[in-house]
Amino acid sequence: MPIIEIHLMEGRTVHQKRALIAGITDAVTTALDVKPEQVRILIDELLPEHFAVSGKTTAEKRSMAQDQNAGVAIEMRYDEEN
């Protein structure tokens, strides 16, 4: 019985998760020659504060990106006004 565990950042729609499950089930049944009833899939959704790369959480990276985008928007408005 294949058991597939997937870690995703939270925010995917139900439709996206169902499509992922269907696609992975198809791939596993083909690759391992098992029946779909034998495939188990676990999706673990992670909070942005529970995943990090290079010492920065996803929440921190998103916040920094928003700050940078806000800075660019302010600069663009300033340039347009002057």
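Residues that satisfy the side chain to side chain contact (heavy atoms under 4.5 Å, CB included) test with S54, not counting sequence neighbours, are absent from this structure. Taking D44 as the reference, H7, L46 meet the side chain to side chain contact (heavy atoms under 4.5 Å, CB included) condition, with sequence neighbours excluded. Partners of E45 by salt bridge (Lys or Arg N to Asp or Glu O under 4.0 Å), not counting sequence neighbours, listed by chain and number: K17.
Closest approach of P48 to M9, counting heavy atoms only: CA-CE, 3.4 Å.
Using a 4.5 Å cut-off between side-chain heavy atoms of Ile, Leu, Val, Met, Phe, Trp and Tyr, with links allowed through other members, F51 and L8 fall into different hydrophobic clusters.
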Extract all donor-acceptor atom pairs below 3.5 Å that involve side chains of residues 24-31 and protein atoms in other chains or at least two apart in sequence.
from : atom 1 : to  : atom 2 : distance (Å)
T25  : OG1    : I21 : O      : 2.8
T29  : OG1    : T25 : O      : 3.1
T29  : OG1    : D26 : O      : 2.9
T30  : OG1    : D26 : O      : 3.0

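For the salt bridge (charged side-chain N to carboxylate O under 4.0 Å, His left out) condition, no pair includes a residue of residues 29-42, sequence neighbours left out. The side chain to side chain donor-acceptor pair (under 3.5 Å) pairs that include a residue from residues 60-71 are T57-E60, where partners are two or more places apart or lie in different chains.
A distance of 6.5 Å separates NE2 of H15 from OG1 of T13, quoted to the nearest 0.5 Å. Note that the CD atom of E5 and the CD1 atom of I43 stand 11.0 Å from one another [nearest 0.5 Å].
L42 belongs to a hydrophobic cluster whose remaining members, ordered by chain and number, are M1, I3; membership requires side-chain heavy atoms of ILVMFWY residues under 4.5 Å apart, directly or through intermediates.
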